[in-house]
Amino acid sequence: MFTGIVTDVGTIRAIEQRGDTRMVIATAYPVERVEIGASIACSGVCLTVVDKGRDADGTAWFAVDASAETMNCTNLAACKPGKAINLERPLRVGDELGGHIVSGHVDGMARVAAIRPEGDSIRYTFEPPRDLLRYIAPKGSITVEGVSLTVNEVEDDVFGVNLIPHTWDVTTLGELAPGRLVNLEIDMLARYLARWRETA
């Protein structure tokens with residue numbers, strides 16, 4: 001489980017096709033403390049560490065394998081070496097829950113519809129898949145590229161969020177442009193509530 005609070009922005013060093021897709025990601029994490037088999041959220045996608053190391057120059061890295069299903073359902077298929085990627089290690093018992101409960105299971109991809117300044121913040125508008133719209137509510141939580149955000153409004157087939165300068169500085173969201181696809185995870189509480197209403 002994660003919280004949607006990004007703790008590092010890594011860089012994809014290499015991508016290799018070997019049955020599954022292996023991605024090697026440079027990181028500031030102390031990889032000596034990262035266990036093989038541990039989970040790390042990579043742009044909102046929960047992936048398993050299968051290898052790790054530290055180069056002679058001190059650069060730390062870890063490797064993950066992404067299945068064909070993961071590549072088909074997320075924007076990882078569009079990633080290339082050199083791309084920055086949001087990272088988050090899993091929540092530990094006793095950690096501060098600064099965002100909201102996030103599973104790292106991407107529900108779909110949303111298109112960036114518009115970006116515009118709004119005061120000191122940046123207003124982003126996203127167009128999600130229509131079957132996910134019913135789970136998105138004003139003042140509810142949403143995860144975009146692994147970042148926990150608060151929904152400002154839902155209108156027709158889009159929803160909007162505001163990005164404060166801090167979030168812009170410590171995540172990859174500042175690199176987005178209209179038309180780009182982002183990984184989206186809806187609030188699991190909204191999903192279970194909707195399911196309960198359907199079966200009640």
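All residue numbers in this chain count up from 1 along the given sequence.
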Interatomic distance, Asn72 atom CG to Met109 atom CE [nearest 0.5 angstrom]
8.5 Å
Under a single-linkage definition using a 4.5 Å side-chain heavy-atom cutoff for Ile, Leu, Val, Met, Phe, Trp and Tyr, are Val182 and Leu163 assigned to the same hydrophobic cluster?
yes
Looking at Leu181, is its backbone amide N or carbonyl O close enough to the side chain of Asn75 to form a donor-acceptor pair, meaning the two atoms are under 3.5 Å apart?
yes
Spacing of Ile15 atom CD1 and Lys83 atom NZ [to the nearest 0.5 Å]:
10.0 Å
Whether Asn86 side chain and Val6 backbone form a donor-acceptor pair below 3.5 Å:
no
Side-chain donor or acceptor of Glu127 paired with backbone N/O of Asp157 under 3.5 Å
no
Should Met23 and Val45 be regarded as members of a common hydrophobic cluster, given that ILVMFWY residues are connected when their side-chain heavy atoms come within less than 4.5 Å of each other, either directly or indirectly?
yes
Step by step, work out the side chain to side chain contact (heavy atoms under 4.5 Å, CB included) result for Leu87 and Ile85.
CA-CA 6 Å; Leu87 301 176; Ile85 190 167; 4.1 Å; yes
Testing the basics here: between Ala84 and Glu175, what is the closest heavy-atom pair and its distance to 0.1 Å?
CB-OE2, 3.8 Å
Report the residue from Ile142, Thr3, Thr143, Ile5 that forms a side chain to side chain contact (heavy atoms under 4.5 Å, CB included) with His100.
Thr143
Please determine whether side chain to side chain contact (heavy atoms under 4.5 Å, CB included) holds for the pair Asp187 and Ser141, giving the CA-CA distance in whole Å, both sets of side-chain angles, and the decisive distance to 0.1 Å.
CA-CA 6 Å; Asp187 184 358; Ser141 296; 4.2 Å; yes
Exercise: identify the closest heavy-atom pair between Pro128 and Ile136
CG-CD1, 4.0 Å
Is the number of heavy atoms from other residues, nucleotides or ligands under 6.0 Å of Asp120 CG greater than 12?
no
Partner residues of Asp55 under the salt bridge (Lys or Arg N to Asp or Glu O under 4.0 Å) criterion, sequence neighbours left out:
Arg13
Determine the sole option in Thr150, Val154, Asn152 for which the side chain to side chain contact (heavy atoms under 4.5 Å, CB included) test with Pro138 is passed.
Val154
Heavy-atom nearest pair, Tyr124 first then Gly174, reads OH-CA, 3.8 Å
Are the side chains of Phe126 and Val112 in contact, using a 4.5 Å heavy-atom criterion?
yes
Scanning both residues in full, the closest heavy-atom pair of Pro178 with Ala113 reads CB-O, 4.3 Å
Test of understanding: with salt bridge (Lys or Arg N to Asp or Glu O under 4.0 Å), list the residues that count as partners of Glu153, not counting sequence neighbours.
Arg123
Taking Glu145 for the side chain and Leu173 for the main chain, is one N or O donor matched with an acceptor at less than 3.5 Å?
no
Minimal heavy-atom distance between Val102 and Gly4, with the atoms involved, is CG2-N, 3.8 Å
Please list all pairs passing the side-chain hydrogen bond (donor to acceptor under 3.5 Å, both in side chains) test where one or both residues lie in residues 23-40, with sequence neighbours left out.
Thr7-Tyr29, Asp8-Thr27, Glu32-Arg54
Treating Ile, Leu, Val, Met, Phe, Trp and Tyr as nodes and any side-chain heavy-atom pair under 4.5 angstrom as an edge, say whether Val24 and Ile36 lie in one connected cluster.
no
Heavy-atom pair with the smallest gap, counting every atom of Ile25 and Cys42:
CD1-SG, 4.0 Å
Is there a path of hydrophobic side-chain contacts, each under 4.5 Å between heavy atoms of I/L/V/M/F/W/Y residues, joining Ile12 to Val106?
yes
Give the intermediate values and the outcome of side chain to side chain contact (heavy atoms under 4.5 Å, CB included) for residues Phe159 and Leu184.
CA-CA 12 Å; Phe159 71 92; Leu184 197 69; 3.9 Å; yes
Counting only heavy atoms from other residues, nucleotides and ligands, does the tally under 6.0 Å from CG of Asp169 exceed 12?
yes
Could you tell me the separation between the CD atom of Glu185 and the OG atom of Ser148, rounded to the nearest 0.5 Å?
10.0 Å
Can you find a pair of side-chain heavy atoms, one from Phe62 and one from Ile40, that are under 4.5 Å apart?
yes
Test of understanding: clusters of I, L, V, M, F, W, Y form through side-chain heavy atoms closer than 4.5 Å, transitively. Do Leu149 and Tyr135 belong to the same one?
yes
Counting distance only, does the side-chain N/O of Asp107 pair as donor-acceptor with the main-chain N or O of Ile186 below 3.5 Å?
yes
